Asks: 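This structure is in structure tokens; I'll ask about it shortly.
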Amino acid sequence: VEASIPEPLREAWKKHSATEFTNKEEFEKDLVRHIETTLARSLYNCDELAAYSGTALAFRDRLIIEWNRTQQRQTFTDQKRVYYLSLEFLMGRTLDNAMLNVGLKDVARDGLSELGFRVEDVINQEHDAALGNGGLGRLAACFLDSLATLNYPAWGYGLRYRYGIFKQEIVNGYQVEIPDYWLDNNPWEFPRHEITVDIQFYGNVKKYQDENGRISHLWEDGEIVQAIAYDVPIPGYGTKTTNNLRLWSSKASSGEFDFQKFNAGDYESAVADQQRAETISAVLYPNDNLERGKELRLKQQYFWCAASLFDIVRRFKKTKRAWGEFPDQIAIQLNDTHPTLAIVELQRILIDIEGLEWDEAWNIVTKTFGYTNHTVLPEALEKWSVPLMQNLLPRHLQIIYEINLFFLQSVEKRFPNDRDILSRVSIIEESHPKMVRMAYLAIIGSHKVNGVAELHSDLLKTTLFKDFVKIYGPDRFTNVTNGITPRRWLHQANPRLSALIAEKLGSYDFLKDLTLLDKIEAFVDDKAFRKEWAVIKRENKLRLARHIKATTGFDVNPNALFDVQVKRIHEYKRQQLNIFGVIHRYLSIKAMSAEEKKKVVPRVSIFGGKAAPGYWMAKTIIHLINKVADVVNKDPEIGDLLKVIFIADYNVSKAEIICPASDISEHISTAGTEGSGTSNMKFVLNGGLIIGTCDGANIEITREIGEQNIFLFGNLAEDVEDLRHRHFYGNFKLDPQLERVFDAIKDNLFGDKADFTALTSSIEEHGDYYLVSDDFNSYITTHEMVDEAFQNQEEWLAKSITSVARMGFFSMDRVTNEYADSIWNVEPLDVTD
Ligand code: NTF
């Protein structure tokens, strides 16, 4: 509904248009006004939380003014836009980022200080927005930051979960999950109650002949759920562009269905319907790299895809352009296969509702979509059962069958002598029940498919999607190695390092062009610079040590080597390898003479990460880490030489404290299993070294920073299959050092050995799928090299500085420009007048 102020009255309006604070006085005025009016508090009644809310509201005003301008400008210019569809956006906190991106953190600091508050304390009041599991969700958040910073006209589309990823507590060494209700007074979202879409589920399909004699399909009956839009402004760094993240929330439709029930006196059932509808956007599925095929998950996916597509199509139709121009105006990126139904939904809209012919519609669809694959793990590849889809989305299933038919016909024509290829590439897996292979559907419905690091993209082409390379040729498949936003992961998380770099380079321009970092390599021998660098690392370690003390009660020595592994707990990421290595170190120290102990480099082994609630093995790993910590940390023979810390509830805001404080971090997945990894980049960018396998982006990090600056170990991806095969045929021999570790566990050194049988036997008896034993010796030896290197602090420092200098490639801005050029074909739009 358009309702604009008539032209002659606009002058009066413009006189009173909202303005933005630009200095301390104006900020304080906005702050106090919000606290006194919006929050109904007073100077007698203003705690840090109120100060946070007031500050957030003052900054929100600024963001929304720029948001309005950006949206008007983008609509007026009407050039091609990008829509990033992701079920996860792991945003973390917003206030600090907003202050830094609009360049007014100092103003806020001074203003708050005049009113009796410290900006850091105020920032710490904010609850993380944790609508994601791990790397995939955080990548989406980094994308939004870069898209806005680079002035791309781009929107994110996601779900507004009432509960984000659960909060983790550790009770008696076990993970306990606490629901994350995060929406109470969240100042960063704008409910758009007027922007709603009705979404249909279930029902059945009727064929009929339309007035032109054409066979058409009518999807009728079933139930309707309403999608309501919530908008979150996304400010770029050092630009006026403020893009939009639109999150959908579900509600019962206020259609006549309910009223009939209600009027019939069936109040309870009407309310129950309401509840059921709201369940769709209630909770984020807490699995990382795992899909479990639950109906509610499929409902979430369709609900979000259908609402987003309706919104995108509605916006396109307003421009009155011809349908053929759709792909010139719109690029849609699918973050993994979760939004694959969007492909089917757009085809449905075009043929069933807009009346296009199949071929014309399909041509538009495939030109519009791009698909990013993030994993080769089989358990993470989405498949939906045909009966489930038949019931929930009958018309979509028909369209999928049709897509498959045309696809298989074309394959058959091109490879008439290869009968097997048809069943291999069919979207439908002929199992019981039949399954829809979402990755295949995503490939067939897109014009570009990309992996997230070179090795990963190569593996896609040579294994998982090999047949599709044969069918479509290699050009449909490409690589875009992941990156991270330097705004959050350097400037915000490590302000002192950022300031030191800016001082040397003469400006903060490197935050917009991270390749400029290479200029700091010239200072690698500069004494004063090196000293400052070391002091900053130490300060960051002290900050983490304070956090550890406050949350676990343990004191850790800031001079010790901080060795960090923080990421989701997963067998393929091999936290078990790490903790077995820690046990090995513990046993070695215990066996030392007093003289020998003097040579030991003190270590703090820090772990953090959540296990999916149903992932029993991952929970066992957490339990073992905590049991080892209990024993080691209290052992008087060990003292400061080794400490084991599990940081509970690892999340984005904790990562901001942890990443700048590491000396070394662990990225030790079984070769060939980690798509990319992005925390590896965060640690190196903050001056930490890494120990890792030749996997994911570790390989490109090595290429950029030089192999003398990284500790690589372990078997290569090309050897994994062979090793597994050998294990399977009985050629498995437990590594002798690992055997010592297992003996200690079996001697009940860390509590009841029975608690850990699953873990040890998966290696000893069940084939060691993740090659923990095969890599153990190499891992231990490499850690000895780490100790040795750490003793030469001057060398270590040089490695640290050189590595940071060479990390420019891993900026999310490079990533975003690569997608824009090679997948989306979109141009930036400067919104400044
Ligand atoms: C993850 N994939 C990969 O496991 C990470 O290596 C990668 O860095 C991120 O994606 C971002 O690309 C997934 O979470 C999923 F869903 F694909 F399993």
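All heavy atoms count here, side chains included; hydrogens, waters and symmetry mates do not. Atoms within each ligand, like the ligands themselves, are counted from 1 in listed order. Bear in mind that the values here come from a model prediction, so they are computed numbers and not experimental data.
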Asks: Just let me know how T372 lines up against ligand 1, side chain, backbone, both or neither, with a heavy-atom cut-off below 4.0 Å.
Replies: neither
Asks: Can a donor-acceptor pair be found between the side chains of Y285 and E291 at a distance below 3.5 Å?
Replies: no
Asks: Would G696 count as a contact of ligand 1 if the rule is a heavy atom under 4.0 Å away?
Replies: no
Asks: For ligand 1, find out whether one of its N or O atoms is nearer than 3.5 Å to an N or O atom of S676.
Replies: yes
Asks: Give a yes-or-no answer on whether the side chains of N289 and E379 include a donor-acceptor pair shorter than 3.5 Å.
Replies: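 No, E379 and N289 have no side-chain donor paired with an acceptor closer than 3.5 Å.
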Asks: Under 3.5 Å, is there a donor-acceptor pair between the S281 and W248 side chains?
Replies: no
Asks: Counting heavy atoms only, name the option from H667, E674, H570 that's nearest to atom 5 (C) of ligand 1.
Replies: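 It is E674 that holds the nearest heavy atom.
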Asks: Considering only heavy atoms of G135, which atoms of ligand 1 have at least one such atom less than 4.0 Å away?
Replies: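 It comes down to these atoms of ligand 1: 9 (C), 11 (C).
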Asks: If we only count N/O pairs under 3.5 Å, is G675 in contact with ligand 1?
Replies: yes
Asks: Note the single closest protein heavy atom to atom 16 (F) of ligand 1, along with its residue, its atom name and the distance in Å.
Replies: L136 CD1, 3.4 Å
Asks: Can E382 and R292 be counted as an ion pair, charged N to O under 4.0 angstrom?
Replies: no
Asks: Give the atoms of ligand 1, by number and element, whose distance to some non-hydrogen atom of Y572 is under 4.0 Å.
Replies: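 Checking each atom against Y572, I get 4 (O).
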Asks: Specify whether F465 and F477 have parallel, tilted or perpendicular ring planes, treating 30° as the upper limit for parallel and 60° as the lower limit for perpendicular.
Replies: tilted
Asks: Under 3.5 Å between any N/O of H338 and any N/O of ligand 1: does that happen in this structure?
Replies: no
Asks: Does N289, backbone or side chain, put an N or O under 3.5 Å from an N or O of ligand 1?
Replies: yes
Asks: Just do the salt bridge (charged side-chain N to carboxylate O under 4.0 Å, His left out) check on R487 and D813 with the steps written out, would you?
Replies: CA-CA 11 Å; R487 273 73 67 181; D813 298 344; 2.8 Å; yes
Asks: Checking contacts here: is it the side chain or the backbone of N482 that comes within 4.0 Å of ligand 1, counting heavy atoms only? Could be both or neither.
Replies: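 Side chain only; the backbone of N482 stays clear of ligand 1.
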Asks: Number the atoms of ligand 1 from 1 as they appear, then name those within less than 4.0 Å of a heavy atom of V452, with their elements.
Replies: 12 (O)
Asks: Is there a nitrogen or oxygen of G677 sitting under 3.5 Å from a nitrogen or oxygen of ligand 1?
Replies: yes
Asks: Are the charged groups of E429 and K434 less than 4.0 angstrom apart, N to O?
Replies: no
Asks: With a 3.5 Å cut-off and no angle check, do the side chains of N97 and Q492 form a donor-acceptor pair?
Replies: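 Result is yes, a qualifying pair exists.
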Asks: Got an N/O contact under 3.5 Å between H374 and ligand 1?
Replies: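 H374 vs ligand 1: N/O contact under 3.5 Å present.
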Asks: Is the charged tip of R476 near the ring of Y472: under 6.0 Å from the six-membered ring centre and within 45° of its axis?
Replies: yes
